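What follows is a short report on a single structure.
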Amino acid sequence: MKVLVTGGAGFIGSHVSDMLIANGHEVLIVDNLSSGKRSNIPKAADFMEMDVCSESLVDVVRQMQPGAIMHLAAQIDVRKSVEDPVFDAHVNVLGLVRLAQAAMVAGVEKIVFSSTGGAIYGEQDFFPADEHHPCRPVSFYGASKLCGEVYLDTFSRVFGLKWVALRYSNVYGPRQDPHGEAGVVAIFSGRLLHAQRPRIYGDGLQTRDYVFVTDVARANLMAVESDIQGVFNIGTGIETNVCELAALMSKIVGFNEKPEHLPAKAGEQMRSSIDAGKAHREMDWKPEVDLMTGLGKTLEYFRNHL
Ligand code: NAD
């Protein structure tokens, strides 16, 4: 199938593109390279440097006639969304609306949207959160992703567009960006590989649900190749706190000094973990890479790219 991947020069989008190509799909990447890198783009993919908010997007989609669109391009920085909610909404809401409209004009069947399980639920009432947990984002990034889902649902009712939103927990792995939702793994990697102590803000008991990037890419592949529709959590359901993460990563690189503790950052979410039982039941997806293995692969990647 022909698949258009927005944000394919980024961390997760490049792994999604690699996996689509490995499974025989033809990939066109649209990316404005604001945080993505040319070096991430698979050689077998076509590439167009373009903003998803651009009016010409519709011509690109019409010309390519993809069977499906994987939408990963986004403003991904939670803190930046709080500082500049207008920019966040411009990229994450208007970019998605433009893409969905272009999809309708070009007769695209399905959009697979990268949403967030880490930021959409807010402070959770129960752990892990399933898809029925109330959505109470505590950042405009979480709000703009939720808004994207509402738009896709409305496009589906008005025009019959098929859509899937994959709500990832905190994605980590090779090529990851330190500004993303699991940025701490990239930041600790950088410090440990330079023999510097990891820096922990607050007591380090904040938890996150870390899911490895190839597991996330596989969920995208399954979503585009199957008939499923709707919202699916993609995570492990396992909570790991920052102190545990620092200890695991220190152990892998053989670093023996204790982390440095700094004052807590205001407004940081305390705990997060999501239940991917629905993805398991309806698309036969479950995570395959455990945290220790995934962290080992990530550290190896950063060691080779210092
Ligand atoms: P990333 O920054 O590595 O990738 C985003 C890509 O989108 C980059 O290549 C960037 O250049 C491109 N981009 C940004 N704005 C654009 C625009 N206006 N037009 C065209 N291209 C644009 O981030 P990532 O971590 O790979 O995130 C991919 C997707 O997954 C995002 O939608 C993000 O919100 C979502 N997500 C990520 C995580 C995580 O833990 N990393 C968790 C939940 C959801």
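Atoms within each ligand, like the ligands themselves, are counted from 1 in listed order. Here the structure is a predicted model, which means the values were calculated and not measured.
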Nearest non-hydrogen partners of R167 and I120, listed with the distance: NE-CD1, 3.9 Å

Could you identify the single nearest non-hydrogen protein atom to atom 13 (N) of ligand 1 and state the distance to 0.1 Å? N32 OD1, 3.4 Å

Under 4.0 Å from a heavy atom of K145: which atoms of ligand 1 are those, numbered in the order shown and with their elements? 31 (C), 32 (O), 33 (C), 34 (O)

Just jot down the ligand 1 atoms closer than 4.0 angstrom to any heavy atom of G36, in number order. 8 (C), 9 (O), 10 (C), 11 (O)

Could you tell me whether C53 and ligand 1 have an N or O pair separated by under 3.5 Å? no

Any salt bridge linking D177 with K37? Criterion: basic side-chain nitrogen under 4.0 Å from a carboxylate oxygen. no

What atoms of ligand 1 come within less than 4.0 Å of a heavy atom belonging to L33? 11 (O)

Given that the side chain starts at C-beta and the backbone is N, CA, C, O, which of these parts of M50 lies under 4.0 Å from ligand 1, counting heavy atoms, or is it both or neither? backbone

Taking the minimum heavy-atom distance to atom 35 (C) of ligand 1, which of F87, F11, Y141, F113 ranks first? Y141

To which of V30, V171, V16, D177 does the heavy atom nearest atom 40 (O) of ligand 1 belong? V171

Can you name the atoms of ligand 1, numbered from 1 with element, that are less than 4.0 Å from a heavy atom of S34? 10 (C), 11 (O), 13 (N), 14 (C), 15 (N)

Check each atom of ligand 1 against the heavy atoms of N170 and keep those under 4.0 Å away; list them by number with element. 40 (O)

Counting only heavy atoms not in F212, do more than 12 fall under 6.0 Å of its CZ? yes

Hey, are R136 and E123 close enough for a salt bridge, meaning a charged N less than 4.0 Å from a carboxylate O? no

Among protein heavy atoms, which lies nearest atom 8 (C) of ligand 1, and at what distance? S35 OG, 3.3 Å

Is V91 in polar range of ligand 1, meaning some N or O pair under 3.5 Å apart? no

Of all the non-hydrogen atoms in the protein, which one sits nearest to atom 29 (C) of ligand 1, and at what distance? L72 O, 3.3 Å

Atom 18 (N) of ligand 1: which protein heavy atom is closest, and how many Å away? D51 OD1, 3.0 Å

Atom 19 (N) of ligand 1 has as its nearest protein heavy atom V52 N, 2.9 Å

Counting from 1, what ligand 1 atoms have a heavy atom of S169 closer than 4.0 Å? 40 (O), 42 (C), 43 (C)

Partner of Y210 by side-chain contact (heavy atoms from CB on, under 4.5 Å), out of L248, V171, T240: T240

Near I76, which atoms of ligand 1 are under 4.0 Å from a heavy atom of that residue? 2 (O), 23 (O), 27 (O), 31 (C), 33 (C), 34 (O)

Is it true that atom OH of Y151 has more than 12 heavy atoms of other residues, nucleotides or ligands lying nearer than 6.0 Å? no

Quick one: do K278 and E131 make a salt bridge, cutoff under 4.0 Å? no

Report yes or no: does a heavy atom of S54 sit under 4.0 Å from some atom of ligand 1? no

Go through ligand 1 atom by atom and flag the ones less than 4.0 Å from a non-hydrogen atom of G10. 3 (O), 4 (O), 8 (C), 9 (O)

